[in-house]
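Take a look at the structure set out below.
Counting from 1, the numbers follow the sequence of the chain as shown. Order of listing sets the numbers, starting from 1, for every ligand and every atom in it.
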Amino acid sequence: MSDSIECIKCLIIGSGPAGYSAAIYAARADLKPVVYTGMEPGGQLTTTTEVDNYPGYPNGIDGPAMMMEFQQQAERFGTEVRIGMITEVELGKKPGDIHKACVDNAKWIEAETVIISTGATAKYLGLPSEQRLRGGGVSACAVCDGFFYKGQDVAIVGGGDTAAEEATYLANICRKVTMLVRRDEMRASKAMQHRVNACKNIDLRYNTEIDEVLGDQVVEGLRMVNNQTGEKETIAITGLFIAIGHKPNTDIFKGILDMDEAGYLITKGKSTKTNIPGVFAAGDVQDKEYRQAVTAAGTGCMAALDAERYLASLESSDVEDRAELKEGV
Ligand SMILES: Cc1cc2nc3c(=O)[nH]c(=O)nc-3n(C[C@H](O)[C@H](O)[C@H](O)COP(=O)(O)OP(=O)(O)OC[C@H]3O[C@@H](n4cnc5c(N)ncnc54)[C@H](O)[C@@H]3O)c2cc1C
């Protein structure tokens, strides 16, 4: 048995909409991609029951079923999907360098190009009642799930720009939005605070936290507690949105790839190129702005095209080098 390291053309880390879209394009370009799924095969959408806003599904679709279709489409063109976590990387520095990735702390694989699509994980408060009702009215994405609560009373937790943005988004759809801010002020920019304050149906509660999310199968209410006075209050709601931030899954790239202060990978201009030649980033891992399946899929496509063009540019510079050698330049 040979113990030589497998070397592939295109390694895709992550199996969400970005990873599988990259795989579809890379496979059709004959890059023979290998996708490592990570701990959440299919990505974040496998944690939601209904996806209503992905084009091509006029009646909506169940998140896990949609991601199964993404996988099947990628496999149809020859993508190899492997269960496994990339636990360490050694990325080359110069164009043409081979990159290395360690799978499950056990085996190394080499790749000419790497597409990183490891996503960003939504943070939750960690309350047992919140965790129990995830998918039953507790959501970390107002743009994704707000529509299901049209005309209803909901609550949102958080005081940053994202929370403010999502609160105003919900205020356009829902009857009333109770916004819980832990501190005595919001961290959001002044402009965002003005937008929140301008919404008549947002009931802003400072120094307020969740004591318990109420409901058996679905969210029926919320018990709030004022963290200054200890006073508790119960309100009836059908949806609870947690907007306290996301954590990009980039720990293994720290010190290797350029990232912002929150850990999102930085890509160059309008491309998916990272600071390392041959390494590309797609989806939520490089996008703290939109974080939607369709935008993740779009950048997945871009990453595969960028990878293909990168390999083609290496080949053409090889040809030029050889021609120059022949001519004795
Ligand atoms: C509850 C919920 C509902 C949502 N509903 C909608 C919706 O209705 N419509 C919509 O457009 N968007 C929705 N979103 C947002 C959407 O899910 C994300 O924008 C999208 O999944 C991002 O795709 P991605 O491919 O970038 O990352 P993800 O889907 O997060 O996938 C990341 C992948 O990377 C893998 N991974 C991570 N680290 C490693 C590693 N070290 N090695 C190997 N693999 C790794 C994970 O296992 C996973 O497969 C929702 C999100 C949530 C949480």
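In the model, D145 has a side-chain atom that pairs as donor or acceptor with a side-chain atom of S139 under 3.5 Å.
Each of the following atoms of ligand 1 lies closer than 4.0 Å to a heavy atom of G14: 33 (C), 34 (O), 35 (C), 44 (N). Atoms of ligand 1 found under 4.0 Å from any heavy atom of I13 (numbered from 1 in listed order, with element): 40 (C), 42 (N), 43 (C), 44 (N). Close contacts between ligand 1 and E40 involve ligand atoms 46 (C), 47 (O), 48 (C), 49 (O) [criterion: under 4.0 Å to a heavy atom]. Close approach to G283 involves these atoms of ligand 1, each under 4.0 Å from a residue heavy atom: 26 (O). Near T37, meaning under 4.0 Å from any of its heavy atoms, are these atoms of ligand 1: 35 (C), 44 (N), 46 (C), 47 (O), 48 (C), 49 (O). When each atom of ligand 1 is checked for a heavy atom of N53 under 4.0 Å away, the hits are 7 (C), 8 (O), 9 (N), 10 (C), 11 (O). Of all atoms in ligand 1, listed by their number and element, those nearer than 4.0 Å to a heavy atom of S15 are 33 (C), 34 (O), 48 (C), 49 (O). Taking every heavy atom of Y36 and a limit of under 4.0 angstrom, the matching atoms of ligand 1 come to 43 (C), 44 (N).
Contacts between T48 and ligand 1 below 4.0 angstrom, taking non-hydrogen atoms only, involve the side chain exclusively. Contacts with ligand 1 closer than 4.0 Å are made by no heavy atom of T295, backbone or side chain.
Contact analysis leaves A122 out of contact with ligand 1, as no non-hydrogen atom separation drops below 4.0 angstrom. Residue Y54 places every heavy atom at 4.0 Å or more from ligand 1. Judged by the shortest distance from any of its heavy atoms, S117 lies inside the 4.0 Å radius around the atoms of ligand 1.
More than 12 heavy atoms of other residues, nucleotides or ligands shown are found within 6.0 angstrom of NZ on K247. Counting heavy atoms of neighbouring residues, nucleotides and ligands inside a 6.0 Å radius, atom OH of Y57 exceeds 12 of them. Heavy atoms of other residues, nucleotides or ligands lying less than 6.0 angstrom from OH of Y124 number more than 12.
In terms of protein heavy atoms, atom 7 (C) of ligand 1 is closest to C144 CB, 3.4 Å. The nearest protein atom to atom 15 (C) of ligand 1, hydrogens excluded, is given as R291 O, 3.7 Å; this is a heavy-atom distance. Closest to atom 44 (N) of ligand 1 among all protein heavy atoms lies G38 CA, 3.1 Å.
Using a 4.5 Å heavy-atom cutoff, the side chains of V154 and L240 are not in contact.
Where the criterion is an N or O separation shorter than 3.5 Å, residue side chain and backbone included, D52 fails it with respect to ligand 1. In terms of N/O distances under 3.5 Å, ligand 1 is not approached by A140.
Rounding to the nearest 0.5 Å gives a distance of 11.5 Å between CD of E110 and CG of L11. Taken to the nearest 0.5 Å, the CD atom of E130 stands 4.5 Å off from the CD1 atom of I242.
A salt bridge is defined here as a Lys NZ or Arg NE, NH1 or NH2 lying under 4.0 Å from an Asp or Glu carboxylate O, and K273 with D306 fails to meet this definition. Using a 4.0 Å cut-off between a side-chain N of Lys or Arg and a carboxylate O of Asp or Glu, R175 and D153 qualify as a salt bridge. Between K32 and E80, no side-chain nitrogen of the basic residue sits less than 4.0 Å from a carboxylate oxygen of the acidic one, so the salt-bridge criterion is not met.
Aromatic ring pairs are classed by plane angle as parallel below 30°, tilted from 30° to 60° and perpendicular above 60°; the pair F70 and Y54 is perpendicular.
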